[in-house]
Amino acid sequence: VFDHKSILCRLSSLLQVSLVVWLGRWNIPMGWMPYKVPLLGVTGHVFCVPKLAKDQITDEVVQQVHADFCVALKQLFDTYKHVYVNEMGADESWLTKELKLETE
């Protein structure tokens, strides 16, 4: 129904914006009352990116900052996955999960 040939996909491409259709509680399309789903939001330490002049920015610097960010993101995941299990009631298999990023 929502493949690359659908009306919604074509309209999204034409308008150059992602259009999303969702079902709310009681299966009301685009409903104002969402399903009750427990969410866990966490924040980590401030991730500092060095301020460099344009001529100092190289591919190596970008790759290093990206690698540092990925490490920080994985540490955040590992730090809080036990909270997801113990306080949110998630399955204990989450304790053995590892965050894998698309670039790996």
Value rounded to 0.5 Å, distance of [atom1] in [X] from [atom2] in [Y]:
{"X": "E87", "Y": "Y80", "atom1": "CD", "atom2": "OH", "answer": "10.5 Å"}
{"X": "L8", "Y": "S18", "atom1": "CG", "atom2": "OG", "answer": "9.0 Å"}
{"X": "K81", "Y": "T79", "atom1": "NZ", "atom2": "OG1", "answer": "9.5 Å"}
{"X": "K97", "Y": "Y84", "atom1": "NZ", "atom2": "OH", "answer": "9.5 Å"}
{"X": "E60", "Y": "Q63", "atom1": "CD", "atom2": "CD", "answer": "8.5 Å"}

Subject >> Criterion side chain to side chain contact (heavy atoms under 4.5 Å, CB included) on L99 and L101, from CA distance to verdict >> reply: CA-CA 7 Å; L99 182 65; L101 302 173; 4.2 Å; yes
**OP:** Could you walk me through whether L11 and L19 pass the side chain to side chain contact (heavy atoms under 4.5 Å, CB included) test, one step at a time?
**Re:** CA-CA 8 Å; L11 189 57; L19 299 175; 3.7 Å; yes
**OP:** Using a 4.5 Å cut-off on heavy atoms from C-beta on, say whether the side chain of S93 contacts that of V85.
**Re:** no
**OP:** Could you go through the side chain to side chain contact (heavy atoms under 4.5 Å, CB included) check for V61 and T58 one step at a time?
**Re:** CA-CA 5 Å; V61 171; T58 63; 3.3 Å; yes
**OP:** Report yes or no: does Q56 contribute a side-chain atom to a donor-acceptor pair with the main-chain N or O of A53 at less than 3.5 Å?
**Re:** yes
Original post:
Does a donor on one side chain and an acceptor on the other come within less than 3.5 Å for Q64 and D68?
Top reply: yes
Subject >> Residue pair I57 / L52: nearest heavy atoms and the distance that separates them >> reply: CG1-CB, 4.0 Å
Original post:
If you look at every heavy atom in K74 and E98, which pair is closest and at what distance?
Top reply: NZ-OE2, 4.5 Å
Subject >> Test side chain to side chain contact (heavy atoms under 4.5 Å, CB included) applied to H82 and L95, step by step >> reply: CA-CA 6 Å; H82 74 279; L95 294 174; 3.9 Å; yes
Original post:
Is there any ring-ring contact (aromatic ring centres under 6.0 Å, His included) pair reaching into residues 45-64, and which pairs are they, with sequence neighbours excluded?
Top reply: F47-F69
Subject >> Any residue meeting ring-ring contact (aromatic ring centres under 6.0 Å, His included) with F77, in chain and number order, not counting sequence neighbours >> reply: none
